[in-house]
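Whatever order the structure lists ligands and atoms in, that order sets their numbers, starting from 1. Heavy-atom basis, side chains included; hydrogens, waters and symmetry copies ignored.
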Amino acid sequence: MSAVVFRDVALDQGGRRVLSGVSFVVEPGQFVGVLGPNGSGKTTVMRAIVGLLPVTAGSISVCGAPVRRGNPAIGYAPQLRRTLADARFTGFEVVLSGAGGERWGWPWASKRDRAAAWSALERVGGLDLAGRPVGEMSGGERQRLMIAQALLGEPRLLLLDEPLVSLDPARQADIVALVASIARERNIAVLFSAHEVNPLVGAIDRVLYLARGHAATGTIDEVVTGPVLSRLYGSSIDVVRVDGRIFVMSGRHDVERGEHCGHAHSHEHAHGAHSHGHDHGPAGVLSSPGSASVGHQHRERSPHAEL
Ligand SMILES: Nc1ncnc2c1ncn2[C@@H]1O[C@H](COP(=O)(O)OP(=O)(O)OP(=O)(O)O)[C@@H](O)[C@H]1O
């Protein structure tokens, strides 16, 4: 039974169409990188899977059942928030709060929930964080707490929204390796959103690439190519590979990293040979994507449990 199935899904936010015609399947144990520029709909997809956002058209199923709020098969780590940046809550309390659902649970938490919180902390290598105030933790340490919290209840599907934000490359690699090993060992499917593909290379099985309202899905080699991304972005995109790193370029602009650069390397061109140094224009206007397959239980956490 597939972990997630999207069939011709359209999703709106604030009355505006964010995604349409999105179809993809995530199988049990698959580690999927959800990529795309700011505002492309990565969070929107996750919110729809946990039932926080209604589907406008099409259908979504999770572990063979229609979407429903509070689905225990899903562990969801929303984007790290700053709201508790100076909180005095300890790491253990934050993880345990995930077992409480709508409210902070620790004063009333059962022995079982406490044992599960300890076990989750241990699995993410966070036992030393148990007694420390969250406000004094680094981004990577907080991210471990979020993952530990998402693991409570032994989910079949993990949704991790931008767990690499503001981490340095070494800490990013640690988090990716941690998630990959948990997914493998427990056969958990993972949707892991990120702004660029490089930290995920070698760890993910597939990508779900979102841009301008549509999605392309497949392996990195199938999707992160000039032709596929040019169709998805609706403008000419070059995929540049340098020393094992992948750059998604619109002219001299790196569309994933939001940087300009002047590499002169081997390119995979969307439209055959062309000269460099010209501007392809903004990564832009969406057209229907192409060849790579394209188209396109969550326990609700206490809002206080979001860091
Ligand atoms: N509550 C909301 N009301 C109206 N529009 C929203 C709301 N939440 C998100 N949007 C819009 O929906 C689109 C998709 O947003 P979403 O947060 O899913 O993108 P994202 O790919 O996760 O972006 P980022 O990488 O910046 O986190 C954006 O245009 C955003 O402005």
| field | Criterion salt bridge (Lys or Arg N to Asp or Glu O under 4.0 Å) on R241 and D221, from CA distance to verdict | value | CA-CA 11 Å; R241 292 171 189 261; D221 286 345; 3.6 Å; yes
| query | Would E154 and R186 count as a salt bridge (Lys or Arg N to Asp or Glu O under 4.0 Å) if you check the C-alpha gap in whole Å, the side-chain angles of each, and the deciding distance to 0.1 Å? | reply | CA-CA 9 Å; E154 303 189 1; R186 302 186 182 186; over 6 Å; no
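Residue S193 places every heavy atom at 4.0 Å or more from ligand 1. For the ligand labelled ligand 1, residue R47 lies outside the 4.0 Å heavy-atom shell. Note on ligand 1: G36 sits outside its first shell, no heavy atom being nearer than 4.0 Å.
A donor-acceptor pair shorter than 3.5 Å cannot be found between the side chains of R142 and S166. A donor-acceptor contact closer than 3.5 angstrom links the side chains of S2 and E27.
The ligand atoms of ligand 1 that sit less than 4.0 angstrom from a heavy atom of E162 are 24 (P), 25 (O), 27 (O). Close approach to P37 involves these atoms of ligand 1, each under 4.0 Å from a residue heavy atom: 21 (O).
Taking atom 26 (O) of ligand 1 as the reference point, the nearest protein heavy-atom neighbour is N38 ND2, 2.8 Å. Closest to atom 18 (O) of ligand 1 among all protein heavy atoms lies T44 OG1, 2.5 Å. Of all protein heavy atoms, the one lying nearest to atom 27 (O) of ligand 1 is Q79 NE2, 3.1 Å. Among protein heavy atoms, atom 23 (O) of ligand 1 sits closest to G39 N, 2.8 Å. From the protein, the heavy atom lying nearest to atom 17 (O) of ligand 1 is T43 CB, 3.6 Å. In terms of protein heavy-atom proximity, atom 12 (O) of ligand 1 is nearest to V18 CG2, 3.5 Å. At the top of the distance list for atom 2 (C) of ligand 1, counting protein heavy atoms only, stands Q13 OE1, 3.7 Å. From the protein, the heavy atom lying nearest to atom 25 (O) of ligand 1 is K42 NZ, 2.7 Å.
Judged by distance alone, with hydrogens and angles left aside, the side-chain atoms of N198 form a donor-acceptor pair with the main-chain N or O of I246 at under 3.5 Å. Checking side-chain atoms of R17 against main-chain N and O of D12 turns up no donor-acceptor pair under 3.5 Å. The closest donor-acceptor contact from the side chain of Q79 to the backbone of E162 lies at 3.5 Å or more, if one exists at all. A donor-acceptor contact shorter than 3.5 Å links the side chain of Q149 to the backbone of V94.
Residue contacts with ligand 1: G41 is placed with a nitrogen or oxygen under 3.5 Å of a nitrogen or oxygen of the ligand (distance criterion only).
For atom 11 (C) of ligand 1, the nearest non-hydrogen atom from the set R16, R17, H195 comes from R16.
In this pair, Y209 and Y233 present their aromatic rings perpendicular. The plane angle is above 60°, beyond the 30 to 60° band.
The distance from atom CG of L35 to atom CZ of F192, rounded to the nearest 0.5 Å, is 10.0 Å.
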